[in-house]
Amino acid sequence: MTEQFDVTREDDGGPAGRYVIDLGGGLEAELTYQRRDDGTLVADHTFVPTSHRGKSLAEKLVNRLIADAREGGYRIAPLCSYVVAQFRRHPDWADLHA
């Protein structure tokens, strides 16, 4: 049976927000961002607990970020090394790169 992991966006309109996956037992995977004055999101950190690595959780977080950027019409400034690497792997995301 494959585990189901749902990505939630936590954003109160302030300067910071995050995408999070509740892994149970107090564990979370997250991608954090800072919002620039122009609305660009600076993706600055991605973390997956060691016990949950290899399950494509970081990829799920970034894919949600990308989907929301497409839907919301904003751009992403990748600062986190994982997000930078994903942008390199996906030239089709170039229009979202700030």
For K60, does the NZ atom have more than 12 heavy-atom neighbours from other residues, nucleotides or ligands under 6.0 Å away?
no

Are [Y] and [X] linked, directly or through intermediate hydrophobic residues, by side-chain heavy-atom contacts shorter than 4.5 Å (ILVMFWY only)?
X	Y	value
V83	Y74	yes
I21	L27	yes
F47	V62	no
F87	V42	no

Residues R9 and Y33: side-chain donor-acceptor under 3.5 angstrom:
yes

Would you say D68 and Y19 are linked by a side-chain donor-acceptor pair, where the criterion is simply a distance under 3.5 Å?
yes

Has Y82 got a side-chain atom pairing as donor or acceptor with E59's backbone, closer than 3.5 angstrom?
yes

Is it true that a side-chain atom of R64 and a backbone atom of V7 form a donor plus acceptor pair closer than 3.5 Å?
yes

What do the steps show when you test D44 against C80 for side chain to side chain contact (heavy atoms under 4.5 Å, CB included), and what is the final call?
CA-CA 5 Å; D44 57 8; C80 163; 5.7 Å; no

Measuring from [X]:[atom1] to [Y]:[atom2], what's the distance to the nearest 0.5 Å?
X	Y	atom1	atom2	result
Q86	R88	CD	CZ	11.0 Å
T8	E30	OG1	CD	12.5 Å
L79	T46	CG	OG1	10.0 Å

Would you call D95 and R70 a salt bridge, taking side-chain N to carboxylate O under 4.0 Å as the test?
yes

Ion pair D11/R35, N-O distance below 4.0 Å
yes

Let me see the working for I76 and I66 under side chain to side chain contact (heavy atoms under 4.5 Å, CB included), right down to the final yes or no.
CA-CA 8 Å; I76 301 164; I66 295 298; 3.7 Å; yes

Could you walk me through whether E10 and V20 pass the side chain to side chain contact (heavy atoms under 4.5 Å, CB included) check?
CA-CA 7 Å; E10 296 178 353; V20 63; 3.5 Å; yes

Correct closest heavy-atom pair for A98 and T40 would be CB-CG2, 3.5 Å

How close do A58 and V48 get, heavy atom to heavy atom, and via which atoms?
N-CG2, 3.8 Å

Quick one: do F5 and L23 satisfy side chain to side chain contact (heavy atoms under 4.5 Å, CB included)? Show the steps, please.
CA-CA 8 Å; F5 296 107; L23 301 170; 3.5 Å; yes

